[in-house]
Structure formats: structure tokens, C-alpha cells
Amino acid sequence: MARDPDLVQKGFGLKAAVAGELAADYRSRLIEALRGRQGLLDLGPIKFHLAEEFGFCYGVDRAIDYAYEARRHFPDKTIYVTNEIIHNPFVNNRLREMGFRFFEDGHSISSIGEDDIVLLPAFGATVEQIDEIKKKRAVIVDTTCGSVMNVWKRVEYYGRDGYTSIVHGKHYHEETIATVSRALSEGGHYLVARNEPEAQMVIDYILGVGLDREAFLEKFGPVSSEGFDPDIHLEKIGVANQTTMLANESAKISVMLGAAVLKRDGHSENFREFDTICSATQDRQDAILKLGNRHPLDVILVIGGYNSSNTAHLCKIAGKFAPAYHIDGPEAILSGESIQHLEHGAAETVVATNWRPDNKPLRLGVTSGASTPNSIVAEVFSKVAALYGLDPMSFIGPEEGLEIVEV
Ligand code: SF4
């Protein structure tokens with residue numbers, strides 16, 4: 001795949017040329033200044049505590065950089081994006097403004113002409129989709145994150161060796177859909193387990209103490225490969241995961257499944273595992289744990305797109321320490337009393353009241369998902385500070401945060 005001349009898996013040598021534009025669109029002097037203050041911004045009536053690791057991960061940084069470079073390199077060409085490039089509405093809309101055409105806006109593979117460019121998002125695309133796009137002879141700019149590709153390699157290897165991939169993930173998430181397509185492409189099977197209770201059902205079946213075959217297929221048929229037979233395809237299993245799941249839950253599921261196979265067989269030859277949580281996800285999850293353990297907080301705001309899996313998981317962790325709200329940007333703060341947010345696992349946002357306790361100073365924890373621009377985080381700071389009649393930038397020195405923004 002990498003030798004295909006129409007498949008570009010790197011930038012166009014324009015990193016420096018687009019750096020200013022990227023900084024203007026997504027960076028924030030306020031947030032960069034906070035990095036130099038251990039994340040603390042004390043405005044008096046409100047104390048912001050920003051997590052040590054937050055926001056754009058290396059995969060997202062790279063995907064957006066490639067998109068901007070592609071636009072610059074092909075100024076007159078039509079560029080399609082097969083999905084959201086990342087799970088952040090602000091970034092996707094910015095690309096729309098730059099002329100990118102998204103499949104989710106009604107375009108499709110049939111829209112592509114051979115002079116066009118097709119951008120694959122950071123979480124990749126399925127084997128079939130890529131094959132179909134290649135037939136169009138368009139240039140493909142592949143921004144798939146290397147950490148996602150590592151999972152694919154693992155799953156392909158399981159498939160080649162006759163192991164069924166048990167993927168800890170969300171079966172409808174684009175990354176997981178792309179991942180399981182790799183198992184199929186190697187003639188393998190897969191089953192997606194969303195969480196520990198679902199993994200336990202698989203374990204119970206392996207040990208012969210759970211659902212009967214029919215009930216098992218009813219439960220897992222829709223999230224497993226066609227022709228999946230639990231009596232055959234749970235004999236040899238390999239574990240993988242969507243890169244943005246809760247790291248400790250993935251690790252636990254892997255240990256549980258390994259122990260079940262060992263108990264059933266008396267050996268571990270029929271079990272394979274590999275930690276496929278990406279380091280950026282791990283770092284952000286560790287950082288919110290650290291923030292919560294280190295500082296007493298009244299509220300935590302977790303900022304990211306509502307379809308961002310890693311943001312949802314950060315919010316779940318944050319909720320152990322204080323009321324935590326997953327919001328997608330400053331507009332979610334409706335007033336000093338009410339906030340629009342997404343509860344964990346819910347499909348629709350709800351409005352919570354009295355989100356801001358009136359003790360002073362308010363101790364507010366903040367973090368953001370791997371696809372959230374710092375500019376959005378800064379707008380949330382400003383919106384919250386405005387509730388107190390304050391401007392956070394007036395608390396930042398004239399030189400603070402400048403060196404990083406001016407790329
Ligand atoms: S969250 Fe991890 S796997 Fe996903 S794009 Fe970022 S670095 Fe890559």
C-alpha cells in the first residue's frame with residue numbers, strides 16, 4: 001500500500017508554510033501561557049486548573065497538518081474527505097470553509113473524479129472503501145494515525161493466524177469499523193465487546209457457564225463478523241482495542257479473557273494480546289486522574305465533540321472527582337446557572353442547572369479531548385470568566401504564551 005504512487009502518507013513539504021494558518025485557527029496564547037504555569041490560572045473568584053495533558057494528540061495534529069498542506073499543494077483541486085477528519089465540529093467546519101467536501105454532506109465515492117484528491121481521516125477507512133477509492137484513480141492523502149495502523153497490523157496478524165479478534169470498542173465507531181475490516185481482509189473473524197460486562201459474557205461462553213448459543217448470537221451477532229460461530233471462533237482469540245477506550249478497562253478485559261482461555265485449555269497458546277491503547281489517550285487519562293487527585297475541585301469541564309470517544313472517557317474519569325460536564329464548546333455554557341452537556345453513554349445532550357456552585361473561589365478543573373483545538377478551550381475559559389465579569393487574558397503577562405503561538 002505504501003508504494004502506491006497515488007497514496008500519499010506524508011505531508012507535501014509545506015509544514016512551515018501552513019504553520020501560521022494552523023496556529024491562527026487552533027492555538028491559543030492563553031492556553032500556551034498556562035502550560036508555563038502548571039495549568040493554574042487564578043482570577044480571584046475563580047481558579048482554573050488545566051490538566052497537564054489535554055487537547056490535540058500527535059495523530060490529530062498530523063491529520064490536520066496534512067489537510068492544510070494538501071489544500072495548499074492542490075489549490076484548484078476538489079478535495080473529498082471520507083468522514084469527519086477528526087471528531088470535532090469546529091475543525092470539520094473550518095475544512096468546509098476551505099472547500100473540502102465531506103461524504104457526510106451528501107458526497108460519496110461515486111462523486112470522485114480522477115483529478116480529485118481524497119483525504120482519509122485520522123481514524124482511517126475500511127479496506128473496501130480504500131479499494132473502491134483507488135479504482136477512481138484519485139490521489140489519496142492518507143492521514144490515518146500510526147497508532148491506529150498498529151492496531152490494524154495486530155488484527156491482520158490475528159486473522160492470518162486463525163485467531164478471532166476480540167475488539168474492545170464501540171462497534172459503530174469509524175475506527176473500530178476500519179479495524180475489523182482488517183480482520184476480515186485476512187480471512188479472520190471478529191467480535192466487538194463494548195465494555196467489561198460484555199467481555200464477561202464472552203468469557204462465560206468460553207467457560208460454558210453463560211448464555212446459550214442462540215442467546216449469544218442474538219446479543220453479539222450484530223457486532224461480530226458474518227458467519228461468526230461462538231463454538232468455533234472463540235477457540236483461538238486475540239485481543240485488540242479501539243485506541244481511545246478507557247485504558248484500564250481494556251487492560252482488565254485482556255487479562256480476564258486470557259485467564260478464561262487458560263482455565264478452559266490449561267495453556268495460553270490459544271490467546272494473544274497486545275496493548276493497543278495509544279499513548280496520547282493514556283497520557284490524557286492519566287493527567288485527569290492526576291489533576292483530580294492533586295486538587296480539590298468543585299466542577300470539571302471536559303471539552304470535546306459529542307461523538308468524541310476519548311472525550312467521553314475523560315469525562316467518565318473526571319466524574320470520580322467532582323461533577324463533570326462533557327461540553328463541546330463555549331456555547332454549551334448557557335448561563336451561570338445552566339449548562340448543556342452530554343451524559344456518559346447518552347445520545348442527546350441535556351441541560352443541567354446549578355452547575356456552578358456559588359462557593360468562592362470556584363475551583364474549576366478543565367481538560368479537553370484529543371481532537372479539541374486549544375482555541376476552543378480558551379473560549380470556554382473566557383465564557384466562564386465572563387460570568388464573573390473578568391477577562392482571563394488580562395491575567396496573562398505580555399510575553400507569556402507568545403513563543404509557542406508564533407510558529
Ligand atoms: S487518539 Fe491516539 S490513535 Fe487517535 S489520532 Fe490521536 S494519537 Fe492517534
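For ligands, and for the atoms within them, numbers begin at 1 and follow the listed sequence. These numbers come from a predicted model, not from an experiment. The first residue of the sequence shown is numbered 1, and numbering continues consecutively from there.
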Hey, which atoms in ligand 1 end up nearer than 4.0 Å to a heavy atom of [X]?
| X | result |
| --- | --- |
| Tyr58 | 7 (S) |
| Thr244 | 1 (S) |
| Val148 | 3 (S) |
| Ser147 | 3 (S) |

Between [Y] and [X], is the closest basic N to carboxylate O distance under 4.0 Å?
| X | Y | result |
| --- | --- | --- |
| Asp298 | Arg356 | no |
| Lys290 | Glu53 | no |
| Asp105 | Arg96 | yes |

key: Whether Tyr325 and His341 hold their rings parallel, tilted or perpendicular, with breakpoints at 30° and 60°   =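 Ring orientation, 0 to 90° scale: perpendicular.
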
inquiry  = Classify the ring geometry of Tyr158 against Tyr163: parallel below 30°, tilted from 30° to 60°, perpendicular beyond 60°.
reply    =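 Because their plane-to-plane angle lies in the 30° to 60° range, the rings of Tyr158 and Tyr163 count as tilted.
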
query = What is the nearest protein non-hydrogen atom to atom 6 (Fe) of ligand 1, stated with its residue, atom name and distance?
reply = Cys57 SG, 2.2 Å

ask   = Who's the nearest protein heavy-atom neighbour of atom 3 (S) of ligand 1, and how far?
value = Thr243 OG1, 3.3 Å

ask   = Do any N/O/S atoms of Cys145 come under 2.8 Å of atom 6 (Fe) of ligand 1?
value = no

request  = May I ask you to check if any N/O/S atom from Cys278 comes under 2.8 Å of atom 2 (Fe) of ligand 1?
outcome  =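 Yes, since at least one N, O or S atom of Cys278 sits under 2.8 Å from atom 2 (Fe) of ligand 1.
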
message = Under the criterion salt bridge (Lys or Arg N to Asp or Glu O under 4.0 Å), I'd like the reasoning laid out for Asp161 against Arg272: C-alpha separation, chi angles, the key distance, then a yes or no.
response = CA-CA 11 Å; Asp161 286 3; Arg272 290 186 180 171; 2.6 Å; yes

